[in-house]
Amino acid sequence: MRSENEKMLAGELYDPLDGELVQARERARDLCQDLNATRENDQEARRRILKELFGKGGESVWMQPPFFCDYGTNILLGERVFFNFNCVVLDVCLVEIGDFTLFGPAVQIYTPMHPMNAELRRKQEFGKPIKIGSDVWVGGGAIICPGVKIGSKTVIGAGSVVTKDIPDGVFAAGNPCRVIREITEAS
């Protein structure tokens with residue numbers, strides 16, 4: 001029989017109150033609390049915490065606390081990803097982020113979803129993974145919704161709500177987020 005964690009990562013309905021999942025969330029929240037309590041000049045402690053928190057990329061990520069996530073281990077970062085202040089990543093499914101991607105302050109990345117059926121919603125939830133390419137810039141206050149893919153070298157405008165896939169090399173903005181124009185060398 002599959003574990004609730006395996007179901008969760010597969011995007012299937014799962015029980016979020018499963019003991020293993022509760023323990024994993026507590027671990028991540030404790031690490032986030034430790035990270036958020038560090039002082040600016042305590043870079044060594046931050047690096048140690050980030051390496052322990054993330055599934056991949058903790059050795060080169062640049063983080064401006066506070067930062068919050070559900071599990072951390074489901075966040076896979078490329079080289080030199082940057083998170084500005086107050087970012088939230090709800091990682092019940094994989095969140096893959098490419099090299100040199102930048103997140104403005106208060107960006108929120110959500111993989112969890114809840115059933116429309118109220119009775120089912122009381123006991124179970126599910127998620128959809130998110131994939132963000134390399135060299136992406138996500139403006140402050142943007143929300144990335146479950147299941148979205150954002151292409152490399154794309155810019156997402158501040159305050160956008162990304163509900164659908166966005167291709168490579170474009171500027172996209174709005175609620176819902178939509179492609180405004182292609183990014184060219186002259187840009």
Side-chain angles (χ1 to χ4, degrees), residues 8-12 28 32 35-36 46-47 50-51 53-116 125-187:
M8 178 181 79
L9 289 172
E12 300 170 6
C32 285
L35 173 70
N36 297 340
R46 283 186 184 175
R47 184 63 54 213
L50 292 167
K51 285 166 69 173
L53 179 62
F54 292 125
K56 179 182 168 220
E59 59 281 337
S60 70
V61 65
W62 186 256
M63 178 73 60
Q64 289 296 304
F67 174 81
F68 304 94
C69 65
D70 275 335
Y71 297 95
T73 53
N74 302 326
I75 301 171
L76 307 178
L77 304 174
E79 290 295 313
R80 293 183 55 199
V81 171
F82 173 75
F83 287 95
N84 212 322
F85 301 101
N86 269 328
C87 288
V88 174
V89 181
L90 301 184
D91 60 317
V92 304
C93 282
L94 285 181
V95 175
E96 297 179 76
I97 300 170
D99 300 338
F100 303 102
T101 290
L102 311 172
F103 296 97
V107 169
Q108 300 171 60
I109 300 172
Y110 302 148
T111 63
M113 301 205 40
H114 301 278
M116 292 292 190
E125 61 184 47
F126 65 103
K128 292 183 179 179
I130 291 174
K131 187 166 187 166
I132 300 170
S134 296
D135 295 301
V136 173
W137 173 23
V138 179
I143 298 171
I144 313 297
C145 292
V148 165
K149 291 179 183 151
I150 298 174
S152 293
K153 298 183 179 179
T154 283
V155 175
I156 304 295
S160 295
V161 178
V162 185
T163 60
K164 294 187 171 143
D165 292 355
I166 303 293
D168 291 350
V170 298
F171 170 63
N175 182 5
C177 188
R178 61 180 169 63
V179 173
I180 304 296
R181 66 179 170 82
E182 193 173 327
I183 296 174
T184 62
E185 290 298 319
S187 300

For residues 156-171, tabulate all N or O donor-acceptor pairs below 3.5 Å that involve a side-chain atom, not counting sequence neighbours.
unit_1, atom_1, unit_2, atom_2, d
Ser160, OG, Gly157, O, 2.8
Ser160, OG, Gly174, N, 3.0
Asp165, OD1, Lys149, N, 2.9
Asp168, OD1, Ser152, N, 2.8

Would you compute the distance between atom CE of Met113 and atom CG of Leu90 and round it to the nearest 0.5 angstrom? 13.0 Å

Exam field: side chain Asp91 to backbone Tyr71, donor-acceptor pair closer than 3.5 Å: yes

Does any non-hydrogen side-chain atom of Ile109 lie less than 4.5 Å from one of Ile75? no

Is there a donor-acceptor pair under 3.5 Å between the side chain of Asn36 and the backbone N or O of Phe67? yes

Would a 4.5 Å heavy-atom cut-off, applied to side chains only, mark Leu50 and Leu35 as touching? yes

Glu182, CD: over 12 other non-hydrogen atoms inside 6.0 angstrom: no

What are the two closest non-hydrogen atoms of Phe126 and Pro115, and how far apart are they? CE2-N, 3.9 Å

Heavy-atom distance under 4.5 Å between the side chains of Val92 and Glu125, does that happen here? yes

Please check if the side chain of Asn74 supplies one atom and the backbone of Cys93 the other of a donor-acceptor pair under 3.5 Å. no

What are the two closest non-hydrogen atoms of Leu53 and Cys69, and how far apart are they? CD1-SG, 3.8 Å

Test item: Arg181 side-chain N/O and Ala172 main-chain N/O as donor-acceptor pair under 3.5 Å: no

Arg46 side chain reached by Pro65 side chain, heavy atoms, under 4.5 Å: yes

Met63 side, atom CE; Leu77 side, atom CG - distance, nearest 0.5 Å: 7.5 Å

Using 0.5 Å steps for rounding, measure from the CG atom of Asn86 to the CZ atom of Phe68. 6.5 Å

All heavy atoms of Asn84 vs all of Cys87, minimum pair found to be O-SG, 3.4 Å

Please check this pair: side chain of Arg47 against backbone of Gly58, looking for a donor-acceptor N/O pair closer than 3.5 Å. yes

Can you name the closest pair of heavy atoms from Gly78 and Ser60 and give their distance? O-OG, 3.9 Å

Classify the ring geometry between Phe103 and Phe83 as parallel (under 30°), tilted (30 to 60°) or perpendicular (over 60°). parallel

Straight-line distance of Asp135 CG to Thr101 OG1, nearest 0.5 Å: 6.5 Å

Can you tell me how far the CZ atom of Phe54 sits from the CD atom of Glu59, to the nearest 0.5 Å? 11.0 Å

So how far is it from Ile150 CD1 to Ile130 CD1, rounded to the nearest 0.5 Å? 8.0 Å

